[in-house]
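Comments concern the structure below.
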Amino acid sequence: MTKPQFDLTGKVALVTGGNGGIGLGMANAMAAAGADIAIWGTNPDKNAAAAEQLGGHGTRVKAYSCNVADRAEVDAQMAATLEDFGRIDGCFANAGVSGRGARSFLEITPDEWRRVMSVNLDGVYHTYQAALRHMVDRANAGDPGGRLACVSSLASVSGAARAEHYAASKGALNAMTYALAVEFARYGITANAILPGWIATDMTEDARDNAKFAEAAGKRIPVRRWGEPADFGGIAVYLLSDASAYHTGQLLQIDGGYFRF
């Protein structure tokens with residue numbers, strides 16, 4: 001019998017920041033489709049809760065404590081993940097931070113700029129480089145293929161006033177995605193970026209608590225609601241599956257039509 005196109009049995013996905021929000025939404029859907037899941041996060045309690053939730057799908061799940069801004073931690077936890085799971089088929093670089101409150105570009109300090117870049121950009125660089133070493137080695141041994149997917153933002157392609165550091169970090173991910181898609185296609189590895197719009201997560205809690213802003217944003221979303229983490233499950237399953245083998249170098253907007261309104 002032919003394996004269903006979106007059956008992920010036998011595949012392993014690593015999701016950074018997978019203990020909540022969009023990352024957990026993606027991990028849930030991939031686990032439900034049969035994938036084994038490794039999640040990286042910095043909060044031990046959230047890691048444990050996410051692992052317990054994901055384990056309900058019946059696949060292998062393990063959580064690791066990792067700050068992706070720290071290269072040594074990334075290398076150590078990548079080695080541990082590969083030791084435990086044997087392989088990584090999809091690397092979903094979702095871990096990220098927001099700017100701390102809306103402020104003028106003139107008020108963004110060097111320390112704040114560096115804080116955002118260290119996680120949102122450097123963290124993806126560290127994670128991808130470690131994952132790619134494994135994927136390329138596997139391809140050279142006769143087992144090609146791999147999926148890279150980072151979580152960027154609509155801020156990367158729109159005028160995100162008062163969040164220039166955040167927008168710049170995410171815009172860099174888009175450029176990195178294009179380049180990785182070209183360089184590593186020969187190994188059967190794809191690279192795509194996911195651009196969320198207004199999504200109900202911990203990161204957007206302050207915005208949602210501002211009733212005036214939340215209502216105004218909601219009216220600009222053609223589907224007339226804020227997104228939910230579960231809305232990212234389908235794209236994650238697709239990207240990890242064999243169905244996406246020819247889909248690479250793309251910015252995939254998941255925003256309820258917000259950017260086109």
Side-chain angles (χ1 to χ4, degrees), residues 6 8-9 11-69 73-74 77-78 80-81 84-85 88-98 119-120 123-124 127-128 131 147-154 166 170 173 192-209 225-241 244 252-256:
F6 297 109
L8 302 182
T9 302
K11 294 187 182 294
V12 178
L14 164 63
V15 185
T16 70
N19 61 12
I22 291 171
L24 184 54
M26 294 192 296
N28 258 316
M30 290 188 288
D36 294 334
I37 306 292
I39 58 173
W40 290 3
T42 59
N43 185 311
D45 292 336
K46 290 181 65 176
N47 281 357
E52 182 177 2
Q53 178 182 337
L54 293 168
H57 296 293
T59 61
R60 291 189 61 205
V61 176
K62 189 167 182 178
Y64 303 79
S65 178
C66 186
N67 173 9
V68 296
E73 285 193 28
V74 169
Q77 296 304 348
M78 184 63 72
T81 302
D84 291 336
F85 288 89
I88 292 172
D89 298 285
C91 180
F92 291 78
N94 165 73
V97 295
S98 66
V119 178
N120 292 359
V124 177
T127 305
Y128 269 2
R147 303 287 185 264
L148 303 177
C150 64
V151 175
S152 178
S153 171
L154 281 188
Y166 180 79
K170 297 299 189 176
L173 294 185
N192 293 285
I194 298 168
L195 279 59
W198 290 110
I199 313 302
T201 66
D202 290 346
M203 188 179 289
T204 62
E205 185 175 4
D206 288 345
R208 288 181 287 117
D209 284 344
R225 68 171 176 86
W226 282 52
E228 298 289 342
D231 291 319
F232 293 81
I235 195 66
V237 170
Y238 165 69
L239 289 177
L240 186 60
S241 76
S244 68
L252 308 172
Q253 295 176 3
I254 310 293
D255 65 351

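- Rounding to the nearest 0.5 angstrom, the gap separating the CD1 atom in I39 from the CZ atom in F92 is 14.5 Å.
- Heavy atoms from other residues, nucleotides or ligands lying under 6.0 Å from CD of E228 number more than 12.
- Between L195 and K170, every side-chain heavy-atom pair lies at or beyond the 4.5 Å cut-off.
- R147 approaches S244 most closely through the heavy-atom pair NE-OG, 3.0 Å.
- Within the 4.5 Å cutoff, the side chain of N94 has no heavy atoms near those of the F232 side chain.
- For the pair L24 and N19, the minimum side-chain heavy-atom distance is 4.5 Å or more.
- Within the 3.5 Å criterion, the main-chain N or O of F6 finds no donor-acceptor partner in the side chain of S241.
- In terms of modelled atom types and a separation under 3.5 Å, the side chain of Y128 and the main chain of C150 share a donor-acceptor contact.
- Partner of V68 under the side chain to side chain contact (heavy atoms under 4.5 Å, CB included) criterion, out of V119, T42, N120: V119 alone.
- The shortest non-hydrogen separation linking E73 to N67 is OE1-N, 2.7 Å.
- Between I199 and D231 the shortest side-chain heavy-atom distance does not fall below 4.5 Å.
- Of the candidates T81, N47, V15, W40 forms a side chain to side chain contact (heavy atoms under 4.5 Å, CB included) with just one, namely T81.
- Scanning all heavy atoms of the two residues, the minimum distance from F85 to A38 falls at CE1-CB, 3.8 Å.
- Residues H57 and N28 meet the side-chain proximity criterion, which asks for heavy atoms closer than 4.5 Å.
- Looking at heavy atoms from C-beta onward, I194 lies in side-chain contact with L239 at the 4.5 angstrom threshold.
- Considering every non-hydrogen atom in both A63 and A51, the closest pair reads CB-CB, 4.3 Å.
- Across all non-hydrogen atoms, the minimal contact from W226 to A200 is CE3-N, 4.1 Å.
- Looking only at distances, no side-chain donor or acceptor of Y238 sits under 3.5 Å from a matching main-chain atom of G233.
- Between the side chain of Q77 and the backbone N or O of S65, at least one donor-acceptor pair lies under 3.5 Å.
- What you find for M26 and V151 is that their closest heavy atoms are CE-CG2, 4.0 Å.
- No option in L240, L14, V124 other than L14 meets the side chain to side chain contact (heavy atoms under 4.5 Å, CB included) test with C91.
- With T16 contributing its side chain and A95 its backbone, the two residues share a donor-acceptor pair below 3.5 Å.
- Side chain of D36 to backbone of R60: a donor-acceptor contact under 3.5 angstrom is found.
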